[in-house]
Amino acid sequence: QTVDIGLSTIHSDTIMIPPVSRRRPISLRSSWIAVIILISTLVLPSLSTSITDSIQSTPKPTIIEQPDSTMNSIGSTDNDVTCSSALDIMAFLSDLRAKYAHQSTFLQSVEEMALSLQPLFEDPERGDFYKRAFLVMAEPERTVSFRVAWVDDKGIMRINRGWRVEFSSVLGPYKGGLRFHPTVDEGILKFLGFEQMFKNALTGLPLGGGKGGADFDPKGKSPREVQSFCESFMTELHRHIHPSTDVPAGDIGVGGREIGFMLGQYKRITNRHGEGVLTGKPIDAGGSLLRPEATGYGLIYIAKLATSEKGRRPLEGARCAVSGSGNVAQYAVEKLMEFGAKVVTMSDSGGVLVFEKGMARGDWEEIVKAKQVDRIRLSAIEDRVTGSFVPNESPWTVHPSSNNYEYAFPCATQNEIDGPSALHLVENGVVGFFEGANLPITLDGQSVLKEAAPSGIGASDGVIYIPGKAANAGGVGVSGLEMSQNAQHLSWKAEEVDNKLKGLMEHIYAQLISGGGETLDSGANWASFLKVVNGMKDLGWVS
């Protein structure tokens, strides 16, 4: 059926809007049109005239043209950074301090490198190019941060922060350790990643630079709690790592046990096996022989090369102070004793063990057991060793009652030797500093060592100083060898790995000699910087 309502014919089950409701919007639109016409004819002309008069009566600003060098310089009020004059690096450092005032250790590492490279920046032909490259290097390519939620033994959920700073992939996949320590923050990891970039360049291996970790403290945690944290950490981190992208390793608070827990979680999540996605793995999980020993052994290999130069005091019979008691310190001490040196100190955060007559093999074994098996402080084993424990001191603040040190091996942490300590050590007979830790000497301390430096490369006078980017590169070198073994599905014998490690440290020492700097430390900085710069140029990442 259909119904005629005067407007159209529709089916009876269809609802039709009455015609009167359609006429109302038309009437409203007509009213608005009338209002708009009224405004345009009466109001707008007078408003336009008022605006024009106001503009004409306003004085024009005076524009002062700046010279090109000023327009292109670095300003702390602009986020864009350029580099065009000899003073720009200093301005850049000032700008960096303003942006990252809360990251003092990172600023320290960048400033130390910049001051060392100043002669390159002043080169009349390539100085500007080097400055532009340095500005690019000083910022990481990528920083990943994430929360890490884990459950303790009481069933309580805990929250920590985790990071991975992927600093440079110029020479290869990001490569660097993971640090678990309550002092870890983004600034600490940026400093470590910045140093790692140059350290890896010196090895000659195709490795970029990176660093990661969390503000988690493994001390006082049960094995189950450590495993819980490591698995949660890898649950977040696994998205960002791959053998050709980013390959983490261990660092402070992260040893073979922690790497094993993280690898297990990675395999569980990804179903990928046999990949060299982590290094420092337990031997039965694809690790390399001598990887735990590599940093400490490499430190002593390069120290032996430097101290064997004509006119130098050889390691045999020399009194050597070592700080720290982790992997680096443990195996540095083992190799020093093998070479006939007298090791007179080892330390931890609670104090220092002093061995006036030199450490014996039994002392070393007790310390290794305390740290690797029992996980206890050095103060707890004073009655088991021949040395005496001095609480709340370090090798650089305690004063032995007999002879002083001849060589210093800081292997604990950053900034452990300040200016006054460095001056005291030099004035009391220390003739060589070899950094087992990353940046363990402050800028003031480095200034003291530079004042006491030899008169030239190869000279027998003055104080030897080899920075961590060269001296402790053996660890990442053997990590690179572990990656090679994993890729080839091979496992090399310890003797083969050790020979390759010796060759790697000889290669690094040769670069310190030929790097172009006036001292070994500047040679390390120049050689590593130029390696990264040339890679950036080849990739078209800087021009």
Side-chain angles (χ1 to χ4, degrees), residues 181 217-223 226 250-258 280 282-283 289-300 303 315-403 405-413 416 434 436-437 440 472 475 494:
H181 194 272
D217 189 358
K219 291 182 180 178
K221 305 294 191 302
S222 71
V226 172
D251 195 85
I252 294 174
V254 179
R257 177 185 67 167
E258 290 75 20
I283 296 299
L289 292 169
L290 293 189
R291 176 57 189 90
E293 298 90 340
T295 306
Y297 281 10
L299 173 65
I300 307 309
L315 282 180
E316 185 176 0
R319 290 174 61 83
C320 299
V322 178
S323 67
S325 50
N327 269 5
V328 179
Q330 290 170 24
Y331 295 112
V333 167
E334 182 184 34
K335 191 58 67 173
L336 280 170
M337 292 193 298
E338 181 183 319
F339 288 159
K342 291 184 178 180
V343 179
V344 294
T345 65
M346 286 187 78
S347 64
D348 62 14
S349 57
V352 56
L353 278 172
V354 180
F355 301 85
E356 292 287 356
K357 296 181 180 180
M359 188 184 297
R361 179 74 186 187
D363 297 325
W364 179 82
E365 291 173 350
E366 283 291 344
I367 291 171
V368 171
K369 179 176 180 293
K371 293 300 179 180
Q372 293 191 14
V373 180
D374 301 331
R375 300 181 185 274
I376 57 177
R377 297 294 184 92
L378 294 180
S379 58
I381 63 167
E382 183 178 12
D383 59 344
R384 305 180 208 167
V385 296
T386 61
S388 58
F389 183 78
V390 183
N392 304 317
E393 296 285 356
S394 78
W396 325 123
T397 58
V398 72
H399 305 301
S401 59
S402 58
N403 296 322
Y405 319 137
E406 292 168 287
Y407 291 118
F409 296 86
C411 299
T413 189
E416 55 178 294
F434 306 91
N472 65 41

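All heavy atoms count here, side chains included; hydrogens, waters and symmetry mates do not.
Nearest heavy-atom pair, C320 versus L315, reported as atom, atom and distance to 0.1 Å: SG-CD2, 4.4 Å. Looking at every heavy atom in both residues, Q372 comes nearest to R375 through O-NH2, 4.0 Å.
Without hydrogens or angle criteria, E366 side chain to R384 main chain gives no donor-acceptor distance under 3.5 Å. When atom types are taken as modelled, the side chain of R319 and the backbone of G358 share no donor-acceptor pair closer than 3.5 angstrom. A donor-acceptor distance shorter than 3.5 angstrom exists from the side chain of Q330 to the backbone of S325, with no hydrogens or angles considered. The main-chain N or O of S379 is never found under 3.5 Å from a side-chain atom of E382 such that the two would form a donor-acceptor pair. With hydrogens and angles disregarded, a donor-acceptor distance shorter than 3.5 Å links the side chain of N472 to the backbone of A437.
With sequence neighbours excluded, the residues forming a side chain to side chain donor-acceptor pair (under 3.5 Å) with S323 are E416, listed by chain and number.
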Taking it one step at a time, do K342 and F355 satisfy side chain to side chain contact (heavy atoms under 4.5 Å, CB included)?
-> CA-CA 9 Å; K342 291 184 178 180; F355 301 85; over 6 Å; no
Kindly indicate, with the supporting measurements, whether the criterion salt bridge (charged side-chain N to carboxylate O under 4.0 Å, His left out) is fulfilled by E338 and K335.
-> CA-CA 5 Å; E338 181 183 319; K335 191 58 67 173; 3.1 Å; yes
Stepwise side chain to side chain contact (heavy atoms under 4.5 Å, CB included) test for L336 and Y407 | CA-CA 11 Å; L336 280 170; Y407 291 118; over 6 Å; no
Go through the steps to decide whether R361 and E365 satisfy the test salt bridge (charged side-chain N to carboxylate O under 4.0 Å, His left out), and finish with yes or no.
-> CA-CA 6 Å; R361 179 74 186 187; E365 291 173 350; 3.5 Å; yes
Could you give me the CA-CA distance, side-chain angles and deciding distance for F409 and I300, then say whether side chain to side chain contact (heavy atoms under 4.5 Å, CB included) is met?
-> CA-CA 9 Å; F409 296 86; I300 307 309; 3.7 Å; yes
Expected list for residues 347-354: side-chain donor-acceptor pairs under 3.5 angstrom, two or more places apart:
{"unit_1": "S347", "atom_1": "OG", "unit_2": "G324", "atom_2": "N", "d": "2.8"}
{"unit_1": "D348", "atom_1": "OD1", "unit_2": "G350", "atom_2": "N", "d": "2.9"}
{"unit_1": "D348", "atom_1": "OD1", "unit_2": "G351", "atom_2": "N", "d": "3.4"}
{"unit_1": "D348", "atom_1": "OD2", "unit_2": "K371", "atom_2": "NZ", "d": "3.0"}
{"unit_1": "D348", "atom_1": "OD2", "unit_2": "L378", "atom_2": "N", "d": "2.8"}
{"unit_1": "S349", "atom_1": "OG", "unit_2": "R377", "atom_2": "NH1", "d": "3.4"}

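Between the CG atom of D251 and the CG atom of N327 there is a distance of 10.5 Å, given to the nearest 0.5 Å.
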